[in-house]
Amino acid sequence: MIYLDNSATTKPYSVVLETYTKVASRYFANPSSLHAFGQKVRELHEEARKQIAQLLGVHSDELIFTSGGTESNNLALKGIAHRYKNRGRHLITTQVEHPSVKEVMGELEKEGFTVTYLPVDEQGVIRVSDFEHALREDTILVSVMHVNNEVGSIQPIQEISNRLSKHQAFFSCG
Ligand SMILES: Cc1ncc(COP(=O)(O)O)c(C=O)c1O
């Protein structure tokens with residue numbers, strides 16, 4: 001079989017699998033435990049945290065590890081909306097987000113936030129001009145996926161990020 005569904009999930013590199021197997025089989029203690037084994041696992045976590053922070057160009061204490069995409073999207077979107085609602089209650093997203101974004105947006109609408117859902121063209125890509133028109137002074141959050149998990153369309157996240165560099169809105173790319 002030729003696997004073509006890489007937008008949904010991609011075959012892991014063998015080096016990733018080897019490292020995962022090694023760490024999960026040797027260092028399985030709880031990193032919050034006080035015993036030496038747990039502390040060793042905590043050390044490995046902290047080492048991984050530093051490496052990831054360096055790769056992303058952020059401070060290591062800015063990273064939050066979660067169980068996956070759904071938890072991350074919930075944490076980021078609800079966290080920002082609730083924390084900054086006094087600055088504005090307008091959010092922007094697209095019509096083609098994963099349910100873990102779309103459903104959170106629906107919940108936020110019920111709480112009184114206004115959400116603009118940007119349409120996509122025939123290639124499945126939003127138009128930057130639509131985004132420009134949707135952006136308001138009271139926009140506090142823009143959430144646009146990078147690559148669509150169904151059709152693989154790539155959104156113009158660099159342009160959106162550039163446009164937001166002088167705007168109060170946070171940018172979530174889930
Ligand atoms: C674009 C996108 N966001 C979020 C998720 C949810 O991730 P998880 O299954 O880790 O909760 C997926 C899962 O397929 C996804 O493709």
Side-chain angles (χ1 to χ4, degrees), residues 1-25 27-28 30-32 41 44-45 48-49 51-53 55-58 60 62-84 90-111 113-128 130-131 134-135 139-164 169-174:
M1 187 187 89
I2 299 174
Y3 182 80
L4 293 173
D5 196 17
N6 286 295
S7 306
T9 188
T10 311
K11 184 180 177 184
Y13 281 118
S14 53
V15 65
V16 172
L17 290 177
E18 281 158 24
T19 306
Y20 174 77
T21 309
K22 185 171 144 191
V23 173
S25 54
Y27 303 101
F28 51 83
N30 185 330
S32 301
V41 175
L44 289 177
H45 271 207
R49 179 187 293 281
Q51 288 173 353
I52 296 166
L55 279 171
L56 295 176
V58 299
S60 55
E62 290 177 292
L63 285 174
I64 300 172
F65 292 121
T66 66
S67 63
T70 302
E71 188 186 343
S72 298
N73 285 332
N74 273 265
L75 184 69
L77 304 182
K78 289 180 189 162
I80 289 168
H82 293 154
R83 172 69 179 80
Y84 294 100
H90 180 239
L91 319 170
I92 299 175
T93 189
T94 77
Q95 289 179 353
V96 295
E97 295 300 306
H98 185 267
S100 60
V101 169
K102 201 167 69 182
E103 286 175 19
V104 171
M105 290 294 179
E107 286 175 35
L108 291 171
E109 278 182 301
K110 284 187 198 138
E111 291 178 26
F113 291 87
T114 303
V115 183
T116 301
Y117 295 89
L118 301 172
V120 294
D121 64 16
E122 61 281 359
Q123 301 295 323
V125 179
I126 60 164
R127 293 175 194 84
V128 176
D130 286 346
F131 162 70
L135 192 62
T139 308
I140 54 167
L141 173 63
V142 178
S143 182
V144 176
M145 70 194 336
H146 190 182
V147 179
N148 185 271
N149 51 298
E150 300 290 348
V151 294
S153 51
I154 300 172
Q155 303 299 343
I157 58 163
Q158 187 64 56
E159 285 95 321
I160 295 170
S161 169
N162 293 346
R163 177 64 187 79
L164 291 177
F170 286 85
F171 185 26
S172 170
C173 189

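Counting starts at 1 for both ligands and their atoms, following the listed order.
- Nearest heavy-atom pair across N74 and S100 is ND2-O, 4.1 Å.
- A donor-acceptor pair is defined here as one N or O able to donate and one able to accept, closer than 3.5 Å; no such pair exists between the side chain of N6 and the backbone of T10.
- A donor-acceptor pair shorter than 3.5 Å can be found between the side chains of E97 and T94.
- Near ligand 1, heavy-atom contacts under 4.0 Å come from G68, G69, T70, N73, H98, S100, M145, N149.
- Here the side chain of Q123 pairs no donor or acceptor atom with the backbone of S153 at under 3.5 angstrom.
- You'll find the side chain of L164 stays beyond 4.5 Å of the side chain of T139, heavy atoms only.
- Counting only heavy atoms from C-beta outward, the side chains of S7 and N148 never approach each other to under 4.5 Å.
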